[in-house]
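Since the structure is predicted, the reported quantities are computational estimates derived from the model, not experimental observations. Values below: all heavy atoms of this structure, side chains included; hydrogens, waters and symmetry mates excluded. Remember, it's 1-based here, ligands and their atoms both numbered in the order they're listed.
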Amino acid sequence: MTLTNPSDVLSALIRCPSVTPEEGGALETLERFLSELGFTVERPVFSEDGTPDIENLYARLGNDGPHLMFAGHTDVVPTGNLEGWSHDPFGAEVADGMLYGRGAVDMKGGIACFLAALARLTGDKGALPGSISFLITGDEEGPAINGTVKLLEHAAKKGESWDAALVGEPTNPNQLGDMIKIGRRGSLSAKLTVSGTQGHVAYPHLADNPLRVANALAAALLDPPLDAGNERFPASNLELTSIDTGNPATNVIPGSVDVTFNIRFNDGWSAETLSAEIENRLRQAADALPDRATRGPARYDISFQQRPSPSFLTRDDALIGTLSGAVKSVTGRMPELSTTGGTSDARFIKDYCPVVEFGLVGKTMHMTDECVALSDLETLTQIYERFIVDWFQAQEGRV
Ligand SMILES: N[C@@H](CCC[C@H](NC(=O)CCC(=O)O)C(=O)O)C(=O)O
Ligand SMILES: [Zn+2]
Ligand SMILES: [Zn+2]
(Lines give C-alpha, C1' and ligand atoms only; values in the text may rest on other atoms or scores of the structure.)
(Ligands and ions follow the chains in the order given, each with its own letter.)
Protein backbone atom coordinates (compact mmCIF):
# COMPACT_ATOMS: atom_id res chain seq x y z
CA MET A 1 0.00 0.00 0.00
CA THR A 2 1.09 3.57 -0.54
CA LEU A 3 0.02 6.68 1.33
CA THR A 4 -0.20 8.66 -1.93
CA ASN A 5 -3.06 6.40 -3.02
CA PRO A 6 -6.30 7.53 -1.30
CA SER A 7 -8.10 4.24 -1.93
CA ASP A 8 -5.32 2.32 -0.12
CA VAL A 9 -5.62 4.67 2.85
CA LEU A 10 -9.41 4.56 2.82
CA SER A 11 -9.49 0.74 2.60
CA ALA A 12 -7.28 0.49 5.69
CA LEU A 13 -9.57 2.87 7.59
CA ILE A 14 -12.81 1.17 6.50
CA ARG A 15 -11.47 -2.16 7.79
CA CYS A 16 -11.47 -0.63 11.29
CA PRO A 17 -15.01 -1.03 12.74
CA SER A 18 -15.15 2.36 14.47
CA VAL A 19 -18.87 2.67 15.16
CA THR A 20 -19.30 5.46 17.74
CA PRO A 21 -18.02 5.29 20.49
CA GLU A 22 -15.58 2.49 19.47
CA GLU A 23 -12.15 3.56 18.23
CA GLY A 24 -12.02 0.28 16.30
CA GLY A 25 -8.36 0.73 15.32
CA ALA A 26 -9.13 3.68 13.02
CA LEU A 27 -7.21 6.33 14.98
CA GLU A 28 -4.38 3.89 15.56
CA THR A 29 -4.14 3.32 11.79
CA LEU A 30 -4.28 7.04 11.12
CA GLU A 31 -1.60 7.67 13.75
CA ARG A 32 0.67 5.17 12.00
CA PHE A 33 0.15 6.82 8.60
CA LEU A 34 0.64 10.36 9.94
CA SER A 35 3.78 9.34 11.83
CA GLU A 36 5.18 7.95 8.57
CA LEU A 37 4.65 11.39 7.03
CA GLY A 38 6.55 13.04 9.90
CA PHE A 39 3.62 14.30 11.99
CA THR A 40 3.85 14.58 15.76
CA VAL A 41 0.75 12.74 16.96
CA GLU A 42 -1.21 12.98 20.21
CA ARG A 43 -4.15 10.74 21.15
CA PRO A 44 -6.09 12.37 24.01
CA VAL A 45 -9.05 10.55 25.56
CA PHE A 46 -11.90 12.68 26.95
CA SER A 47 -14.53 11.66 29.49
CA GLU A 48 -17.68 13.05 31.02
CA ASP A 49 -20.19 11.52 33.42
CA GLY A 50 -22.99 9.77 31.61
CA THR A 51 -21.12 9.56 28.29
CA PRO A 52 -18.64 6.99 26.95
CA ASP A 53 -14.91 7.81 27.00
CA ILE A 54 -13.81 8.89 23.52
CA GLU A 55 -10.45 8.60 21.78
CA ASN A 56 -9.31 11.53 19.66
CA LEU A 57 -6.26 12.47 17.60
CA TYR A 58 -4.33 15.71 17.11
CA ALA A 59 -1.31 15.68 14.82
CA ARG A 60 0.89 18.48 13.53
CA LEU A 61 3.50 18.69 10.80
CA GLY A 62 5.72 21.79 10.97
CA ASN A 63 6.47 24.24 13.76
CA ASP A 64 5.83 27.61 12.16
CA GLY A 65 2.88 29.52 10.77
CA PRO A 66 0.83 29.85 8.75
CA HIS A 67 -1.14 26.98 10.22
CA LEU A 68 -3.89 25.11 8.38
CA MET A 69 -6.15 22.64 10.20
CA PHE A 70 -7.87 19.67 8.56
CA ALA A 71 -10.73 18.43 10.75
CA GLY A 72 -13.01 15.44 10.72
CA HIS A 73 -14.06 12.20 12.37
CA THR A 74 -13.22 8.51 12.10
CA ASP A 75 -16.32 7.32 13.95
CA VAL A 76 -19.11 5.99 11.78
CA VAL A 77 -22.82 5.33 12.21
CA PRO A 78 -23.98 1.72 12.72
CA THR A 79 -24.37 -0.49 9.66
CA GLY A 80 -28.12 -0.91 10.11
CA ASN A 81 -29.68 -3.93 8.46
CA LEU A 82 -26.79 -6.12 7.23
CA GLU A 83 -29.10 -7.72 4.66
CA GLY A 84 -29.31 -4.30 3.00
CA TRP A 85 -25.58 -4.44 2.23
CA SER A 86 -24.35 -6.15 -0.92
CA HIS A 87 -20.76 -5.86 0.39
CA ASP A 88 -19.20 -6.31 3.84
CA PRO A 89 -19.55 -2.86 5.50
CA PHE A 90 -16.06 -3.24 6.97
CA GLY A 91 -14.54 -5.13 4.03
CA ALA A 92 -13.54 -2.24 1.73
CA GLU A 93 -14.55 -4.25 -1.32
CA VAL A 94 -14.25 -2.75 -4.80
CA ALA A 95 -16.85 -3.47 -7.48
CA ASP A 96 -17.47 -1.61 -10.75
CA GLY A 97 -15.17 1.25 -9.81
CA MET A 98 -16.86 1.79 -6.42
CA LEU A 99 -15.27 1.25 -3.00
CA TYR A 100 -17.85 0.03 -0.46
CA GLY A 101 -17.91 0.36 3.29
CA ARG A 102 -19.26 2.28 6.26
CA GLY A 103 -17.47 5.64 6.37
CA ALA A 104 -16.53 5.55 2.66
CA VAL A 105 -17.92 9.07 2.21
CA ASP A 106 -18.78 10.07 5.81
CA MET A 107 -15.98 10.67 6.32
CA LYS A 108 -13.02 8.32 6.28
CA GLY A 109 -12.85 9.04 2.54
CA GLY A 110 -12.25 12.76 3.13
CA ILE A 111 -9.50 11.96 5.63
CA ALA A 112 -7.88 9.49 3.21
CA CYS A 113 -7.85 12.07 0.39
CA PHE A 114 -6.35 14.83 2.55
CA LEU A 115 -3.67 12.44 3.84
CA ALA A 116 -2.87 11.25 0.30
CA ALA A 117 -2.68 14.88 -0.89
CA LEU A 118 -0.15 15.64 1.84
CA ALA A 119 1.85 12.49 1.12
CA ARG A 120 2.11 13.62 -2.51
CA LEU A 121 3.03 17.19 -1.58
CA THR A 122 5.60 16.36 1.06
CA GLY A 123 7.06 13.61 -1.17
CA ASP A 124 7.33 15.93 -4.19
CA LYS A 125 8.30 19.17 -2.59
CA GLY A 126 9.67 18.39 0.85
CA ALA A 127 8.83 20.67 3.77
CA LEU A 128 5.63 22.73 3.86
CA PRO A 129 5.86 26.53 4.00
CA GLY A 130 4.12 26.43 7.41
CA SER A 131 2.20 23.84 9.44
CA ILE A 132 -0.70 21.48 8.88
CA SER A 133 -2.68 19.78 11.63
CA PHE A 134 -5.18 16.93 11.66
CA LEU A 135 -7.88 17.39 14.32
CA ILE A 136 -9.81 14.11 14.26
CA THR A 137 -12.45 12.93 16.69
CA GLY A 138 -14.15 9.62 17.40
CA ASP A 139 -17.33 11.39 18.57
CA GLU A 140 -18.98 13.28 15.73
CA GLU A 141 -21.82 10.87 15.05
CA GLY A 142 -22.53 10.48 18.78
CA PRO A 143 -23.29 13.10 21.43
CA ALA A 144 -20.25 15.16 20.28
CA ILE A 145 -19.42 15.91 23.93
CA ASN A 146 -16.00 14.23 24.24
CA GLY A 147 -14.83 15.07 20.74
CA THR A 148 -13.96 18.13 18.69
CA VAL A 149 -15.09 20.67 21.27
CA LYS A 150 -12.72 19.27 23.93
CA LEU A 151 -9.94 18.54 21.44
CA LEU A 152 -9.92 22.18 20.37
CA GLU A 153 -9.80 23.35 24.00
CA HIS A 154 -7.04 20.85 24.76
CA ALA A 155 -4.88 21.90 21.79
CA ALA A 156 -5.47 25.62 22.36
CA LYS A 157 -4.43 25.24 26.02
CA LYS A 158 -1.15 23.77 24.79
CA GLY A 159 -0.60 26.89 22.68
CA GLU A 160 -1.96 25.73 19.32
CA SER A 161 -3.67 28.32 17.13
CA TRP A 162 -4.85 28.06 13.55
CA ASP A 163 -5.24 30.48 10.65
CA ALA A 164 -7.93 28.48 8.87
CA ALA A 165 -9.65 25.10 8.91
CA LEU A 166 -11.04 22.74 6.30
CA VAL A 167 -13.58 20.10 7.37
CA GLY A 168 -13.75 17.07 5.07
CA GLU A 169 -17.45 16.17 5.50
CA PRO A 170 -19.26 15.02 2.35
CA THR A 171 -20.64 18.34 1.10
CA ASN A 172 -21.50 17.49 -2.53
CA PRO A 173 -25.11 16.41 -3.23
CA ASN A 174 -24.52 14.76 -6.63
CA GLN A 175 -21.03 15.19 -8.00
CA LEU A 176 -17.68 16.56 -6.93
CA GLY A 177 -17.62 20.29 -7.43
CA ASP A 178 -21.30 20.85 -6.54
CA MET A 179 -21.03 22.51 -3.16
CA ILE A 180 -18.86 24.03 -0.45
CA LYS A 181 -20.42 24.57 2.97
CA ILE A 182 -19.61 28.02 4.31
CA GLY A 183 -21.84 27.87 7.37
CA ARG A 184 -24.46 25.75 9.07
CA ARG A 185 -27.88 26.28 10.56
CA GLY A 186 -28.27 25.86 14.30
CA SER A 187 -30.04 22.90 15.89
CA LEU A 188 -32.34 22.90 18.90
CA SER A 189 -34.28 19.88 20.17
CA ALA A 190 -37.13 19.99 22.68
CA LYS A 191 -39.69 17.81 24.45
CA LEU A 192 -43.25 18.91 25.09
CA THR A 193 -45.11 16.86 27.71
CA VAL A 194 -48.88 17.26 27.88
CA SER A 195 -50.66 15.85 30.90
CA GLY A 196 -54.29 14.72 30.96
CA THR A 197 -56.41 12.21 32.83
CA GLN A 198 -56.32 8.54 31.90
CA GLY A 199 -59.65 6.85 31.25
CA HIS A 200 -61.86 4.55 29.19
CA VAL A 201 -62.23 5.49 25.50
CA ALA A 202 -65.97 4.82 25.75
CA TYR A 203 -66.28 7.33 28.63
CA PRO A 204 -64.19 10.28 27.36
CA HIS A 205 -66.18 12.77 29.47
CA LEU A 206 -64.63 11.15 32.56
CA ALA A 207 -61.10 11.51 31.17
CA ASP A 208 -59.01 14.33 29.72
CA ASN A 209 -57.27 13.12 26.57
CA PRO A 210 -53.84 14.82 26.38
CA LEU A 211 -53.61 13.97 22.66
CA ARG A 212 -56.34 16.50 21.86
CA VAL A 213 -54.33 19.25 23.54
CA ALA A 214 -51.02 18.00 22.11
CA ASN A 215 -52.53 18.03 18.63
CA ALA A 216 -53.46 21.72 18.92
CA LEU A 217 -50.14 22.68 20.49
CA ALA A 218 -48.14 20.78 17.83
CA ALA A 219 -50.16 22.50 15.09
CA ALA A 220 -49.24 25.87 16.58
CA LEU A 221 -45.56 24.90 16.51
CA LEU A 222 -45.73 23.94 12.85
CA ASP A 223 -47.74 26.85 11.50
CA PRO A 224 -46.99 29.63 10.66
CA PRO A 225 -43.46 28.85 9.41
CA LEU A 226 -40.69 30.31 11.57
CA ASP A 227 -39.29 32.41 8.71
CA ALA A 228 -38.76 32.37 4.96
CA GLY A 229 -34.96 32.20 5.04
CA ASN A 230 -32.62 34.90 3.83
CA GLU A 231 -29.85 35.38 1.29
CA ARG A 232 -27.39 33.56 3.56
CA PHE A 233 -29.50 30.70 4.91
CA PRO A 234 -32.46 28.50 4.02
CA ALA A 235 -35.69 28.85 6.02
CA SER A 236 -35.69 27.65 9.60
CA ASN A 237 -37.66 24.44 10.00
CA LEU A 238 -39.37 22.63 12.85
CA GLU A 239 -39.85 18.86 12.48
CA LEU A 240 -41.82 16.69 14.87
CA THR A 241 -39.72 13.61 15.63
CA SER A 242 -41.99 11.63 17.96
CA ILE A 243 -45.47 11.63 19.55
CA ASP A 244 -45.43 9.00 22.25
CA THR A 245 -47.96 8.00 24.89
CA GLY A 246 -46.45 4.60 25.73
CA ASN A 247 -50.03 3.32 25.55
CA PRO A 248 -50.39 -0.16 24.03
CA ALA A 249 -54.17 -0.42 24.62
CA THR A 250 -56.82 0.55 22.07
CA ASN A 251 -59.47 1.22 24.69
CA VAL A 252 -57.52 3.43 27.08
CA ILE A 253 -57.16 7.19 26.89
CA PRO A 254 -53.53 7.81 27.87
CA GLY A 255 -52.59 9.92 30.87
CA SER A 256 -49.89 11.91 29.15
CA VAL A 257 -48.07 12.34 25.85
CA ASP A 258 -44.50 13.35 24.95
CA VAL A 259 -44.04 15.29 21.71
CA THR A 260 -40.43 15.71 20.65
CA PHE A 261 -39.20 17.97 17.89
CA ASN A 262 -36.05 19.45 16.41
CA ILE A 263 -35.60 22.89 14.88
CA ARG A 264 -32.92 23.79 12.35
CA PHE A 265 -32.64 27.55 12.56
CA ASN A 266 -30.90 30.24 10.56
CA ASP A 267 -29.04 33.33 11.74
CA GLY A 268 -32.31 35.22 12.32
CA TRP A 269 -32.63 33.26 15.58
CA SER A 270 -30.60 32.25 18.58
CA ALA A 271 -31.48 29.28 20.79
CA GLU A 272 -32.84 31.82 23.33
CA THR A 273 -35.09 33.78 20.94
CA LEU A 274 -36.31 30.53 19.45
CA SER A 275 -37.17 29.03 22.85
CA ALA A 276 -39.10 32.21 23.68
CA GLU A 277 -41.02 31.94 20.37
CA ILE A 278 -41.90 28.30 21.09
CA GLU A 279 -43.07 29.11 24.62
CA ASN A 280 -45.15 31.98 23.28
CA ARG A 281 -46.82 29.84 20.60
CA LEU A 282 -47.65 27.15 23.15
CA ARG A 283 -49.12 29.68 25.59
CA GLN A 284 -51.32 31.27 22.91
CA ALA A 285 -52.49 27.91 21.56
CA ALA A 286 -53.26 26.63 25.07
CA ASP A 287 -55.22 29.80 25.91
CA ALA A 288 -57.22 29.46 22.69
CA LEU A 289 -58.30 25.86 23.30
CA PRO A 290 -62.09 25.40 23.26
CA ASP A 291 -64.00 23.17 25.72
CA ARG A 292 -61.62 23.52 28.66
CA ALA A 293 -64.27 25.02 30.96
CA THR A 294 -64.85 21.82 32.95
CA ARG A 295 -61.31 20.43 32.67
CA GLY A 296 -59.37 23.57 33.51
CA PRO A 297 -56.38 25.03 31.69
CA ALA A 298 -54.23 22.71 29.56
CA ARG A 299 -51.34 21.21 31.53
CA TYR A 300 -48.06 21.03 29.70
CA ASP A 301 -44.34 21.35 30.23
CA ILE A 302 -41.65 22.21 27.67
CA SER A 303 -37.98 21.37 28.11
CA PHE A 304 -35.20 22.36 25.71
CA GLN A 305 -31.97 20.55 24.91
CA GLN A 306 -29.08 21.55 27.19
CA ARG A 307 -26.46 22.14 24.49
CA PRO A 308 -28.09 23.54 21.36
CA SER A 309 -25.90 24.11 18.29
CA PRO A 310 -25.55 27.71 17.14
CA SER A 311 -25.80 28.76 13.52
CA PHE A 312 -22.69 30.23 11.96
CA LEU A 313 -21.48 31.75 8.72
CA THR A 314 -17.87 32.00 7.58
CA ARG A 315 -17.10 35.47 6.27
CA ASP A 316 -13.50 34.88 5.19
CA ASP A 317 -13.81 35.59 1.45
CA ALA A 318 -10.14 34.78 0.80
CA LEU A 319 -10.45 31.28 2.33
CA ILE A 320 -13.71 30.60 0.48
CA GLY A 321 -12.16 31.92 -2.74
CA THR A 322 -9.07 29.72 -2.40
CA LEU A 323 -11.18 26.60 -1.87
CA SER A 324 -13.63 27.47 -4.68
CA GLY A 325 -10.68 28.15 -6.99
CA ALA A 326 -9.11 24.77 -6.20
CA VAL A 327 -12.42 23.00 -6.86
CA LYS A 328 -12.88 24.90 -10.15
CA SER A 329 -9.34 24.29 -11.36
CA VAL A 330 -9.61 20.51 -10.86
CA THR A 331 -13.28 19.84 -11.72
CA GLY A 332 -13.98 22.74 -14.08
CA ARG A 333 -17.05 23.56 -11.95
CA MET A 334 -17.59 26.54 -9.67
CA PRO A 335 -19.15 25.16 -6.44
CA GLU A 336 -22.27 26.65 -4.88
CA LEU A 337 -21.57 28.30 -1.51
CA SER A 338 -24.17 26.78 0.80
CA THR A 339 -25.46 26.66 4.37
CA THR A 340 -27.99 23.87 3.72
CA GLY A 341 -28.31 20.49 5.42
CA GLY A 342 -27.33 19.43 8.91
CA THR A 343 -24.82 20.80 11.35
CA SER A 344 -21.21 19.63 11.74
CA ASP A 345 -18.23 20.00 14.05
CA ALA A 346 -17.39 23.20 12.15
CA ARG A 347 -19.81 24.78 14.66
CA PHE A 348 -17.08 24.32 17.31
CA ILE A 349 -14.10 25.19 15.08
CA LYS A 350 -15.57 28.54 14.07
CA ASP A 351 -14.71 29.86 17.57
CA TYR A 352 -10.99 29.38 16.82
CA CYS A 353 -10.50 30.25 13.14
CA PRO A 354 -12.43 30.65 9.87
CA VAL A 355 -13.72 27.29 8.66
CA VAL A 356 -15.00 25.90 5.36
CA GLU A 357 -16.14 22.41 4.42
CA PHE A 358 -15.60 20.34 1.30
CA GLY A 359 -15.51 16.58 0.85
CA LEU A 360 -16.96 13.72 -1.17
CA VAL A 361 -20.45 13.15 -2.61
CA GLY A 362 -22.81 12.51 0.31
CA LYS A 363 -25.57 10.57 -1.49
CA THR A 364 -24.94 7.27 0.36
CA MET A 365 -23.95 8.62 3.78
CA HIS A 366 -25.60 6.73 6.68
CA MET A 367 -27.23 4.34 4.13
CA THR A 368 -26.62 0.65 3.55
CA ASP A 369 -24.08 0.10 0.76
CA GLU A 370 -22.31 3.40 1.52
CA CYS A 371 -19.76 3.76 -1.27
CA VAL A 372 -17.45 6.10 -3.13
CA ALA A 373 -16.26 6.17 -6.73
CA LEU A 374 -12.53 5.46 -6.97
CA SER A 375 -12.35 8.29 -9.49
CA ASP A 376 -13.85 10.69 -6.89
CA LEU A 377 -11.14 9.72 -4.41
CA GLU A 378 -8.50 10.67 -6.96
CA THR A 379 -10.26 13.93 -7.89
CA LEU A 380 -10.77 15.00 -4.27
CA THR A 381 -7.11 14.27 -3.53
CA GLN A 382 -6.13 16.57 -6.41
CA ILE A 383 -8.51 19.27 -5.14
CA TYR A 384 -7.03 19.07 -1.63
CA GLU A 385 -3.50 19.18 -3.08
CA ARG A 386 -4.38 22.30 -5.09
CA PHE A 387 -6.07 23.88 -2.06
CA ILE A 388 -3.08 23.28 0.25
CA VAL A 389 -0.62 24.78 -2.25
CA ASP A 390 -2.86 27.76 -3.05
CA TRP A 391 -3.71 28.41 0.61
CA PHE A 392 -0.07 28.63 1.67
CA GLN A 393 0.67 30.82 -1.34
CA ALA A 394 -2.19 33.15 -0.43
CA GLN A 395 -0.82 33.42 3.12
CA GLU A 396 2.55 34.61 1.76
CA GLY A 397 0.66 37.29 -0.17
CA ARG A 398 -1.05 38.40 3.04
CA VAL A 399 2.19 39.10 4.95
N1 LIG B 1 -24.86 13.94 16.82
C2 LIG B 1 -24.25 15.20 16.95
C3 LIG B 1 -24.09 15.94 15.66
C4 LIG B 1 -25.15 15.66 14.63
C5 LIG B 1 -24.71 16.22 13.34
C6 LIG B 1 -25.62 15.88 12.22
N7 LIG B 1 -24.94 16.23 11.01
C8 LIG B 1 -25.15 15.59 9.87
O9 LIG B 1 -25.93 14.65 9.79
C10 LIG B 1 -24.40 16.09 8.67
C11 LIG B 1 -25.30 16.11 7.48
C12 LIG B 1 -24.93 17.22 6.53
O13 LIG B 1 -23.76 17.46 6.32
O14 LIG B 1 -25.85 17.89 6.06
C15 LIG B 1 -26.90 16.67 12.30
O16 LIG B 1 -27.07 17.69 11.63
O17 LIG B 1 -27.78 16.24 13.06
C18 LIG B 1 -24.95 16.12 17.94
O19 LIG B 1 -26.18 16.01 18.07
O20 LIG B 1 -24.27 16.94 18.54
ZN1 LIG C 1 -19.71 13.14 9.05
ZN1 LIG D 1 -22.62 11.39 9.49
Side-chain angles (χ1 to χ4, degrees), residues 10 13-14 18-21 26 46 48 50-52 54 70-80 89 101-114 135-152 165-174 178-191 233-234 236-239 241 260-266 271 304-312 335-350 355-368 370-372 380:
L10 177 56
L13 292 175
I14 284 177
S18 51
V19 177
T20 331
F46 300 120
E48 189 159 319
T51 62
I54 297 287
F70 176 79
H73 61 94
T74 50
D75 62 321
V76 294
V77 294
T79 58
R102 178 56 85 222
V105 293
D106 183 15
M107 61 155 274
K108 291 176 173 177
I111 294 174
C113 292
F114 199 85
L135 190 132
I136 308 291
T137 182
D139 187 22
E140 195 276 341
E141 301 288 10
I145 288 171
N146 294 317
T148 298
V149 70
K150 287 187 178 160
L151 193 52
L152 286 160
L166 171 66
V167 174
E169 291 282 9
T171 51
N172 296 283
N174 292 305
D178 281 346
M179 189 178 280
I180 290 175
K181 298 273 168 107
I182 58 163
R184 297 280 187 163
R185 287 180 298 179
S187 174
L188 174 68
S189 296
K191 182 166 91 169
F233 282 91
S236 302
N237 181 59
L238 185 151
E239 279 304 313
T241 50
T260 55
F261 57 94
N262 175 267
I263 306 169
R264 297 302 164 113
F265 58 95
N266 61 36
F304 293 97
Q305 169 193 3
Q306 297 272 311
R307 303 182 211 222
S309 302
S311 72
F312 74 93
E336 179 188 344
L337 307 181
S338 172
T339 56
T340 54
T343 183
S344 80
D345 279 3
R347 73 195 134 142
F348 305 125
I349 299 168
K350 66 106 172 60
V355 54
V356 285
E357 300 180 65
F358 186 77
L360 289 161
V361 174
K363 258 185 187 169
T364 59
M365 62 179 160
H366 296 207
M367 295 174 79
T368 56
E370 182 174 348
C371 59
V372 61
L380 183 61

Is there a side-chain contact (heavy atoms from CB on, under 4.5 Å) between L152 and K150 once you walk through the steps? CA-CA 5 Å; L152 286 160; K150 287 187 178 160; over 6 Å; no

For the pair I145 and R307, evaluate side-chain contact (heavy atoms from CB on, under 4.5 Å) and give the outcome as yes or no after the intermediate values. CA-CA 9 Å; I145 288 171; R307 303 182 211 222; 3.9 Å; yes

For atom 8 (C) of ligand 1, what is the nearest protein heavy atom, given as residue, atom name and distance? T343 O, 3.7 Å

Which protein heavy atom lies closest to atom 13 (O) of ligand 1, and at what distance to 0.1 Å? R184 NH1, 3.0 Å

M179 CE to L337 CG distance, which is reported to the nearest 0.5 Å: 9.5 Å

Among the N/O/S atoms of E141, the Zn ion (ligand 3) lies closest to OE2

Return yes when atom NZ of K191 has more than 12 non-hydrogen atoms of other residues, nucleotides or ligands closer than 6.0 Å, and no otherwise. no

Looking at ligand 1, is there an atom of it that comes within less than 4.0 Å of some heavy atom belonging to E141? yes

Which protein non-hydrogen atom lies closest to atom 14 (O) of ligand 1, naming both residue and atom, and how far is it? G342 N, 2.7 Å

With rounding to the nearest 0.5 angstrom, report the CZ to CG distance, R185 to N266. 8.0 Å

Using a 4.0 Å heavy-atom threshold (strictly under), name the region of R264 that reaches ligand 1: side chain, backbone, both or neither. side chain

Just wondering, do E336 and D178 contact through their side chains at under 4.5 Å, heavy atoms? no

Output yes if E140 passes the N/O/S-under-2.8 Å test against the Zn ion (ligand 3); output no otherwise. no

May I ask you to check if any N/O/S atom from H366 comes under 2.8 Å of the Zn ion (ligand 3)? yes

Numbering the atoms of ligand 1 from 1, which are under 4.0 Å from a heavy atom of P143? 20 (O)

For the Zn ion (ligand 2): the N/O/S atom of E169 at shortest distance: OE1

Contact between R307 and ligand 1, counting heavy atoms under 4.0 Å? no

Which one holds for P170 and ligand 1: side chain close, backbone close, both close, or neither close, with close meaning a heavy atom under 4.0 Å? neither

Near A144 (heavy-atom distance under 4.0 Å), the atoms of ligand 1 are 20 (O)

In plain terms, say whether E239 and R264 are close enough for a salt bridge, that is, a side-chain N and a carboxylate O under 4.0 Å apart. no

Among all protein heavy atoms, pick out the one at the shortest distance from atom 9 (O) of ligand 1; state its residue, atom name and that distance to 0.1 Å. H366 CE1, 4.5 Å

In this structure, does ligand 1 have an atom that sits under 4.0 Å from one of the heavy atoms of G142? yes

Which protein heavy atom lies closest to atom 20 (O) of ligand 1, and at what distance to 0.1 Å? R347 NH2, 3.2 Å

Side chain proximity check, V361 to V372, heavy atoms < 4.5 angstrom: no

Polar atom proximity, M365 to ligand 1 (N or O, under 3.5 Å): no

Do E48 and P143 have side chains that approach each other closer than 4.5 Å (heavy atoms only, starting at C-beta)? no

What are the atoms of ligand 1, with element, lying closer than 4.0 Å to any heavy atom of G341? 14 (O)

Do T148 and T137 meet the criterion of a side-chain donor-acceptor pair at a distance under 3.5 Å? no

Any luck finding a side-chain donor-acceptor pair between N262 and S189 under 3.5 Å? yes

Verify whether one side chain among H366 and D106 offers a donor that lies under 3.5 Å from an acceptor in the other. yes

By atom name, which N, O or S atom of D106 is the nearest to the Zn ion (ligand 2)? OD1

Side chain or backbone of E357 under 4.0 Å from ligand 1, or both, or neither, by non-hydrogen atoms? neither

Proximity flag H73 to ligand 1, non-hydrogen atoms under 4.0 Å: no

Would a 4.5 Å heavy-atom cut-off, applied to side chains only, mark S338 and I180 as touching? no

